[in-house]
Amino acid sequence: MDPLFMNIDEVNKLPSHQFIKIFGNIVEHYPAAAIDILKNRPFRDVGDISDAVNSYLDSFNEHDMTKIVQLYPDLAGKIADLDKLSPESTYEQISAGIFYISANSKRRLICMNKQYRAKFGFPYIICVLGKKNTSEILDDMESRLRNGNEEELYTAIDEVKKICRLRLLRLIKQ
Ligand SMILES: NC(=O)NC1NC(=O)NC1=O
């Protein structure tokens, strides 16, 4: 997602197809979120759009929440290695230094990614922008691996919401 700063009036006036094109990856690989929140226009500000996305996600049952979190790529996973991440994820993972972690940290990350997927059935998700360093992420992953299934699904959805908000902030002028 190239930074494209629009103000809120411009967002409110976008033709629907353009709105969906621009906001179609606010929830990773899930343009249905952008289509759904269209009905909430006009928005007052970024917070208002973010609230609309959050309410949309909160309306899901656990089965559908699981489908959403399964759409996210692993941190430093195969998709990243193949350079096939979405532009948004690429920006986030590069900015957070995930692309440049040491070989040791990468081994630890890959190993915990595997354990996490095996336990929960979806990838470990954390909003990486704003994290101090990769050890903060690795420590969080280690601790979340001890969570129960339901608690972890809601934690993952909370991280999806944070990622959405930061994606919106990259698009809309405050
Ligand atoms: N798995 C995971 O956390 N992925 C991500 N986190 C984030 O902030 N951007 C991502 O692609």
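Sequential numbering from 1 along the given sequence is applied to the chain's residues. Every number for a ligand or one of its atoms is a count from 1 in the order of the listing.
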The test is side chain to side chain contact (heavy atoms under 4.5 Å, CB included); show your working for E62 and L153 and say whether it passes. CA-CA 8 Å; E62 288 177 9; L153 178 59; 3.8 Å; yes
What I want to know is whether D74 and ligand 1 share at least one N or O pair that is separated by under 3.5 angstrom. no
N/O of I125 under 3.5 Å from N/O of ligand 1, yes or no? no
Just by distance, no angles: are the side chains of R107 and N104 close enough, under 3.5 Å, to form a donor-acceptor pair? yes
Using a distance-only test with no angle check, is there a side-chain donor-acceptor pair under 3.5 angstrom linking Y116 and D74? no
Pick, from N113, V128, I126, the option with the minimum heavy-atom distance to atom 6 (N) of ligand 1. I126
Could you tell me whether ligand 1 has any atom less than 4.0 Å away from a heavy atom of Y124? yes
Just to check, does P123 reach to within less than 4.0 Å of ligand 1 when the distance is taken from its heavy atoms? no
Would you mind telling me if ligand 1 is within reach of the side chain of Q93, the backbone, both or neither, using heavy atoms under 4.0 Å? side chain
Protein contact of [atom] - nearest heavy atom, named by residue and atom, plus distance:
| atom | answer |
| --- | --- |
| atom 11 (O) of ligand 1 | S89 OG, 2.8 Å |
| atom 10 (C) of ligand 1 | E92 OE1, 3.6 Å |
| atom 4 (N) of ligand 1 | P73 O, 3.5 Å |

Check ligand 1 against C127 and write out every atom of the ligand that is under 4.0 Å from a heavy-atom position of the residue. 8 (O)
With heavy-atom distances below 4.0 Å as the criterion, list the atoms of ligand 1 near I163. 6 (N), 7 (C), 8 (O)
Other residues, nucleotides, ligands: >12 heavy atoms within 6.0 Å of D83 CG: no
Inspect the surroundings of NZ in K13 and state if more than 12 heavy atoms from other residues, nucleotides or ligands are less than 6.0 Å away. no
Does the plane of the ring in Y30 sit parallel, tilted or perpendicular to the ring in F60? Use 30° and 60° as the thresholds. perpendicular
Donor-acceptor under 3.5 Å (R117 side chain, M112 main chain): no
Heavy-atom donor-acceptor pair, K119 side chain to L145 backbone, under 3.5 Å: yes
